[in-house]
Amino acid sequence: MKETTKNNALIEKAAIEINNLSVYYGKTRALNNISLSVPRGEYLGIIGPNGGGKSTLLKAMLGLVPKDAGDINIYGKPSKLSRGEVGYVPQFAFMERKFPITVMEVALTGFLQKGVSPFHAYTNGEKEHAAEILGRVGIGGLYDRQVSALSGGEFQKMLIARAIAANPKLILLDEPTASVDANSREQIYSLLAELNETMTVVLVTHDLLAVSSLVKSLACLNGSLVYHGEPKLNSETVNSLYGCPVDLIAHGVPHRVLGEHIEK
Amino acid sequence: MIHAFLNYAFMQNALAVGVLASVACGFIGVIIIEKKLVMMSGGIAHISYGGVGLGYLLGIEPIIGALIFALAGALGIGYLKDKSKTGVDVVISLLWSAGMALGVLFVALTPGYPPDLSSYLFGNILAVTKSGLYFVGVLTVVVMVVVWVFFENWKSYLFDEEFSLIRGVWVKFLRYLLLALIALTVVALIRVVGIILSLALLTAPAATSSLFAKSLEKRIIYAVIIGNIYSFSGLCVSYALDMSSGAVIVVISVLCYFAAFGVKKVLDKIKAASFAGGSKV
């Protein structure tokens with residue numbers, strides 16, 4: 001009885017509470033017995049090799065992939081019931097970038113409500129709020145531009161604006177700095193730090209510079225949870241995570257940066 | 001030509017059905033191109049042939065049979081795509097062939113002389129009756145209204161289905177509704193260009209409009225206008241030369257698309273050259 005009360009208290013305090021989560025794609029195991037607790041207001045970085053289950057974990061948090069075992073609570077509610085509390089920035093590479101839609105129209109879709117809305121028209125308040133958010137993420141002047149005319153960094157900022165339009169308590173970002181230039185990457189990191197003042201941030205990335213210097217905690221994933229704790233990497237953790245020497249996992253990050261942020 | 005439109009009921013019916021089908025094509029064509037459902041639409045069109053055959057066998061209006069088969073096929077493809085681990089292209093090609101095969105078998109089983117099915121396969125816009133016109137009119141109005149009513153939901157669904165799902169939008173409902181609308185549009189096209197040629201009129205106006213219009217709304221409006229130009233000019237040419245109307249409409253549509261594509265390329269090059277010239281200055 002006491003154990004149950006304690007668990008319930010933990011779930012209520014946590015932004016994300018994952019217990020013994022396993023996910024399979026057919027016969028392939030994507031996530032194995034993951035348990036992870038993320039407190040409210042946290043800035044969590046998730047790293048791991050390609051195919052390590054990082055994106056799958058985010059999708060499981062959103063209830064987009066079926067669980068084979070375990071449970072996930074987001075702000076005290078099962079993942080499918082908590083989607084209204086969560087903003088999501090998908091992987092840029094999988095987005096349709098030629099679709100005929102403007103930046104403002106994309107940001108407004110962040111306000112869509114549950115179900116389907118016949119004759120839906122966005123309110124003036126929503127339009128003003130969307131314009132304000134686009135300004136906040138640094139692309140206010142591009143509101144009427146077609147998404148096909150955006151650079152990679154501008155596109156990512158637009159997706160972040162859409163994700164935060166409905167004031168979520170938690171934002172999940174899947175490699176938001178992949179395929180963007182260094183300047184845009186810095187701008188996105190500054191923005192995420194600012195967002196973290198009001199919401200919990202979970203960042204999936206290959207950018208070791210980000211996880212070592214920006215996030216408050218770090219999770220390393222390679223099918224199972226290899227590490228969760230302070231954002232300090234050591235060679236042993238990284239080698240066991242990636243199964244190879246660290247200088248082979250740069251993913252666009254200069255090697256000297258890796259050297260600076262990995263404890264020998 | 002004007003004399004024919006003013007004096008012959010069959011020409012007036014042909015003109016009206018061409019307008020209606022072009023409207024349905026404009027609305028759905030743009031969506032299927034953006035959602036990359038062109039081959040699925042081809043599959044739905046060919047499945048409807050089974051319904052035409054069944055209509056003859058049971059003694060009911062073949063176009064009603066085509067509508068039932070197209071709807072069942074569309075929803076069946078959607079269901080199998082969701083549930084089956086087999087690739088969707090395999091499912092589409094199997095149902096595509098099965099629909100055609102069933103049509104042939106049903107017609108073979110029909111007592112008496114075998115009916116001429118060429119008007120269903122290749123269209124005959126000049127043979128549309130008043131009741132056929134009303135039927136296409138109802139289908140077109142349903143397609144227009146459903147797209148218009150849920151327009152903002154469609155926009156979000158087409159741009160990013162996954163995000164729409166996370167926002168709680170009824171994505172599954174929209175997915176199946178879209179397949180049903182494709183089925184209605186395909187059936188509306190059977191009389192104009194026929195089952196086999198329907199894919200061209202579904203895609204050519206929308207593809208042409210996408211070369212010049214930036215927003216989704218404009219693409220739909222331009223596609224409706226362009227579809228009307230294609231079907232009207234095809235109707236006139238086929239009447240004047242006494243040729244198959246469906247084939248003429250399709251040939252005109254395809255030629256115009258490639259001509260528009262060429263014009264667009266030239267315009268883009270001129271624009272790029274003038275921009276480069278401006279930059280040097």
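Sequence lines set the chain letters: A, B, ... in the order given, protein chains first and strands last, and positions in each chain run from 1.
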Can you tell which part of B:K172 gets under 4.5 Å to a heavy atom of chain A, answering side chain, backbone, both or neither? neither
Decide if atom CZ of B:F212 counts as having more than 12 heavy atoms of other residues, nucleotides or ligands within a radius under 6.0 Å. yes
So, the part of A:L112 with a heavy atom under 4.5 Å from chain B: the answer is both
Does the B:D160 side chain pair with the main chain of A:M95, one donor and one acceptor, at a distance under 3.5 Å? no
Determine whether B:E152 and A:S117 make a side-chain contact, defined as any pair of heavy atoms from C-beta on separated by less than 4.5 Å. no
Write down the atom of A:V86, the atom of B:I166, and the distance for their closest heavy-atom approach. O-CG2, 4.5 Å
At a heavy-atom distance under 4.5 Å, which candidate from A:V116, A:V106, A:V147 has the highest pair count against chain B? A:V116
Please state whether the rings of A:F99 and B:F159 are parallel, tilted or perpendicular, taking 30° and 60° as the class boundaries. tilted
If I measure from the heavy atoms of chain B, does A:K59 come under 4.5 Å with its side chain, its backbone, both, or neither? side chain
Heavy-atom distances under 4.5 Å only: say whether B:R167 touches chain A with side chain, backbone, both or neither. both
For A:F111, is it the side chain, the backbone, both, or neither that has a heavy atom closer than 4.5 Å to a heavy atom of chain B? backbone
Counting only heavy atoms not in B:F173 (residues, nucleotides, ligands), do more than 12 fall under 6.0 Å from its CZ? yes
Using a 4.5 Å cut-off on heavy atoms from C-beta on, say whether the side chain of B:K155 contacts that of A:I101. yes
Return the minimal non-hydrogen interatomic distance between B:N153 and A:G115, and the atom names on each side. ND2-O, 4.2 Å
Tell me the closest heavy-atom pair linking B:S215 and A:P100, and the distance in Å. C-CB, 3.9 Å
Is it the case that over 12 heavy atoms from other parts of the model lie below 6.0 angstrom from the NZ atom of A:K67? yes
Does B:F258 have more than 12 heavy atoms from other residues, nucleotides or ligands lying within 6.0 Å of its CZ? no
Measure the shortest side-chain to side-chain distance between A:E96 and B:L158 over non-hydrogen atoms and say whether it is less than 4.5 angstrom. no
What pair of heavy atoms forms the shortest contact from A:A163 to B:F163, and how long is it? CA-CE1, 4.5 Å
Please indicate whether B:R175 has more than 12 foreign heavy atoms, meaning atoms of other residues, nucleotides or ligands, lying under 6.0 Å from its CZ. yes
